[in-house]
Structure formats: C-alpha cells, structure tokens
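Chain identifiers are assigned alphabetically (A, B, ...) following the order of the sequence lines, protein sequences preceding nucleic acid strands; residue numbering begins at 1 within each chain. Small disclaimer: the values here were computed from a predicted structure and weren't measured.
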There are 2 protein chains.
Amino acid sequence: MDDDASPRWLDDEQMRSWLRLQAVIGLLPALLDQQLRHDADLTHFEYLTLAMLSQADDRSLRMSDLARRTNATLPRLSHVARRLEDRGFLRRGPAPDDGRVTVATLTEAGWHKVVASAPGHARTVLENVYDDLDRDDLHAFTRVLDTVLAHVDPHDSFGLRTGRP
Amino acid sequence: MDDDASPRWLDDEQMRSWLRLQAVIGLLPALLDQQLRHDADLTHFEYLTLAMLSQADDRSLRMSDLARRTNATLPRLSHVARRLEDRGFLRRGPAPDDGRVTVATLTEAGWHKVVASAPGHARTVLENVYDDLDRDDLHAFTRVLDTVLAHVDPHDSFGLRTGRP
DNA sequence: GCGGTATAGTTGTCGCGTCAACCAATGCGG
DNA sequence: CCGCATTGGTTGACGCGACAACTATACCGC
C-alpha cells in the first residue's frame with residue numbers, strides 16, 4: 001500500500017512524545033466537552049460557534065466564514081446552526097447583497113449564553129494546560145505547534161501563521 | 001454557572017498558543033484517519049486496536065486491558081471488535097480462568113494487516129509532527145505534554161508518567 | 001439577457017460512539 | 001451452599017458528523 005522503499009520508524013524519544021501527544025489529543029477535547037456540557041449545556045463545538053459569532057462585527061458571520069473559523073464542514077455547521085436557532089441562540093437570514101449567502105447572527109440570549117459560559121471554559125483551559133507552564137515552556141510549545149501546523153494546515157485555513165513574529 | 005469569584009482569562013501569548021493547539025487537535029487526527037482509511041482501509045482507532053494487540057504477549061489481551069490501552073470505553077471497543085472479527089483480523093474467546101473475561105487475539109491476517117499498515121502510519125506521523133523538530137524542540141515538547149497530562153490524565157490511565165527519568 | 005457553470009447552503013442517509021439496560025460469571029457473608 | 005452485590009462484556013437506541021445529492025442564486029461569455 002504505497003509503502004516507502006525504506007520504511008522509517010519513530011525513535012525512542014519520538015515515540016515517548018507521540019504516546020503523550022496521542023493521550024492529550026484523546027483526553028483534552030473530551031474534558032472540555034464535559035465541562036461545557038455540564039456547566040452550560042453546550043457542546044464544545046456549539047460553544048465555539050457562539051464564541052466566534054460573539055467576536056465578529058455585528059455578532060454576525062456568513063455561514064462559510066463561520067465554518068472556516070470553527071474548522072467545520074458546511075453541512076456540519078448547518079445542522080448545528082439549526083439546533084442553536086431552535087434554542088434561540090442565533091438567527092439566520094439571507095444576505096441583502098448576495099441571495100446565496102446566509103448570515104448567522106447571535107441573539108441577545110446567545111450573547112448572554114457566551115458571556116455566562118466563557119469564564120468556566122477559560123478556567124478549564126488554564127488549569128489543564130497553561131497554569132503550570134512558565135514563559136519558556138509556553139514559547140517553546142507555541143513554536144512546536146507552529147511547526148506542526150505548517151504540515152497539518154498547509155493552506156493556513158485558520159489564518160494563524162501569517163503574522164508570525 | 002459555578003463562576004469563580006475572580007474570572008481569569010488567557011493572556012495574549014496563551015491565546016496564541018491555544019488557537020494553535022486547537023487547530024492541531026482538530027486537524028491531526030483527521031489527517032491520520034484519512035491516511036489509514038485510504039491506504040489500509042482502517043480507522044485510526046481500528047489500527048490502534050490491532051497495533052496494541054500486536055505488541056502484547058501472545059498477541060492477546062483482555063477486552064478491559066485493550067480498552068484501557070486504546071483509551072476507549074468498553075462498549076466502543078466491543079463494537080469495533082465485532083467488526084474486526086467479522087473481517088477476520090482478530091478472534092474473541094472466553095478466558096479459561098475467569099468465565100466473565102473475553103480475550104481478543106490477533107489472527108495471522110490481523111498481524112499481516114498491522115505489518116502492512118504500520119510503515120505508512122509511522123511515515124505520516126514523522127512527516128507531519130517530528131521531522132522538522134530538532135532535539136531541543138522534541139524534549140521541550142515532551143516535557144510540556146507531560147505537564148498537561150498530569151492534569152488531563154490524573155490517574156495515569158495510560159501508564160505514561162510512571163517511568164519519567 | 002440567455003444558457004451554462006460556479007458558488008452558498010440545506011437536506012437525507014449512513015456509520016461510529018455514547019449511554020443505559022441487560023446478561024453472565026464470580027466472590028462473599030451468613 | 002445460597003442470596004446478592006460486583007465485575008466483565010455485549011446489545012440496542014439515539015445523536016452527531018461525513019458524504020453525496022439537491023436547490024437556489026450569482027457570474028460569465030456571447
């Protein structure tokens with residue numbers, strides 16, 4: 001199956017690191033999801049959707065832009081948007097200038113929901129990831145993530161790597 | 001909802017890092033899944049299951065142990081094991097000493113499947129994560145992951161933090 | 001301004017994972 | 001030994017996300 005002529009393997013240090021990375025990738029999202037479900041009755045992705053809207057101009061975004069910022073496919077976002085709309089957290093309407101476009105707008109209830117949920121979410125992130133990292137750790141970590149991102153997100157879909165100092 | 005009295009927030013550096021970590025967590029698993037699905041017709045989790053069995057004594061493990069090593073719930077593993085058994089990659093049978101226990105054993109076909117898929121998987125991991133990290137990056141990365149793991153995996157379910165040098 | 005193509009979203013179907021209910025075997029207190 | 005709780009696994013129902021098919025609007029050449 002498309003085997004390389006000279007199959008390489010991870011050395012001991014890389015394997016040690018890889019096992020840990022897999023554990024973090026497996027456990028951290030579940031933890032964030034749990035916290036938000038329990039405290040705010042929101043999926044992490046639902047929270048992310050509302051949070052992105054809350055930071056946008058007029059608290060509104062085109063579905064496509066929202067999908068890009070949340071790293072979601074358009075169908076996925078469409079489903080989630082319907083549920084969030086049913087719960088009264090956002091509205092969807094056609095764009096005046098382009099009839100194909102749908103713009104999602106955060107409602108007042110949605111805004112309050114984000115404001116109420118954000119601190120608990122931030123607290124979870126800080127406690128689990130950043131509280132025990134000193135500045136050197138933090139910088140090294142970010143630099144490594146940037147290196148990885150260059151491969152995993154070659155087209156810079158998130159717009160994260162453009163402003164590297 | 002259970003707000004702390006003094007809500008904290010991520011500073012700029014932490015936020016920069018967090019956005020990148022989220023991107024990696026969102027994109028890397030999808031990438032590994034794609035590669036294995038395409039090249040080996042296996043889910044990343046199916047591959048992990050077979051790989052763990054391949055490293056165990058007699059290429060056999062109790063379902064509970066296998067679940068722990070793959071970070072899966074028992075129901076999830078049970079479903080996957082049925083599919084893998086249907087495809088002839090593993091067998092399940094009762095344990096002689098304890099009638100409640102089921103032991104999963106890798107078949108010859110399953111062994112060959114792992115051997116055939118492993119190089120492509122390793123190659124993907126190396127190219128996307130480790131090839132561009134020098135030794136200092138690697139060590140710093142592992143250290144940070146260990147720090148994070150101490151929070152997200154407090155009970156050391158993976159048995160990764162016991163042997164830290 | 002009319003056909004053809006590209007773009008933006010939505011809807012339906014299917015597969016996987018979670019949760020709860022369930023079944024089977026063990027161990028243990030009397 | 002005999003309830004009865006505990007442990008190990010499986011099964012079924014439901015929900016979310018991926019993929020494909022579909023609708024509708026806009027753009028483009030002529």
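- Rounding to the nearest 0.5 Å places OG of B:Ser117 at 8.5 Å from CD of B:Gln35.
- Note: CG (B:Asp97) to P (D:dT7) measures 17 Å, nearest angstrom.
- Here D:dA24 presents its P atom at 18 Å from CE of A:Met63, a figure rounded to the nearest Å.
- Using modelled atom types and a 3.5 Å distance limit, the side chains of B:Asp39 and B:His121 yield no donor-acceptor pair.
- Regarding contacts with the backbone of D:dT25, every side-chain N or O of A:Arg100 stays at 4.0 angstrom or more from both OP1 and OP2.
- A:Arg92 comes within contact range of the sugar-phosphate backbone alone, with a heavy-atom separation under 4.0 Å but no base atom that close.
- For residues 52-66 of chain A, the side chain to side chain donor-acceptor pair (under 3.5 Å) pairs, not counting sequence neighbours, are A:Ser60-A:Thr105.
- D:dC16 atom P lies 19 Å from atom CG of A:Asn71, rounded to whole Å.
- Among D:dC16, C:dT26, C:dG9, the nucleotide with an atom closest to any side-chain atom of A:Val101 is C:dG9.
- As rounded to whole Å, 13 Å separates atom P of D:dT10 from atom CG of B:Asp86.
- For B:Arg82, no side-chain nitrogen or oxygen approaches OP1 or OP2 of D:dG12 to under 4.0 Å.
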Considering only distance and modelled atom types, tabulate donor-acceptor pairs under 3.5 Å from the side chains of residues 45-53 of chain B, sequence neighbours left out.
from	atom 1	to	atom 2	distance (Å)
B:Glu46	OE1	B:Thr43	N	2.8
B:Glu46	OE1	B:Thr43	OG1	3.4
B:Thr49	OG1	B:Phe45	O	2.8

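- Ion pairing of A:Arg20 with B:Asp153 is absent here, as no side-chain N (NZ or NE/NH1/NH2) approaches a carboxylate O to less than 4.0 Å.
- The nearest heavy atom of DNA chain C to A:Leu74 and to B:Arg37 marks one nucleotide each, and the one closer to the 5' end goes with A:Leu74.
- Atom pair B:Asp33:CG and C:dG15:C1' shows a separation of 12 Å (rounding to whole Å applied).
- In the set D:dG8, C:dG17, C:dT18, C:dT18 carries the atom at the smallest distance from any side-chain atom of B:Thr73.
- If you check every strand for non-hydrogen atoms under 4.0 Å, A:Ser78 touches a base.
- For B:His79 and C:dG15, a side-chain-to-base donor-acceptor distance below 3.5 Å is absent, hydrogens and geometry of angles not being considered.
- Here the side chain of A:Arg76 is nearest to one of D:dG17, C:dT11, C:dA20, namely D:dG17.
- In this structure, A:Thr102 does not reach the C:dG9 phosphate: none of its side-chain N or O atoms is under 4.0 Å from OP1 or OP2.
- The 5' end of DNA chain D is approached more closely, in terms of each residue's nearest nucleotide, by A:Thr43 than by the other of A:Asp98 and A:Thr43.
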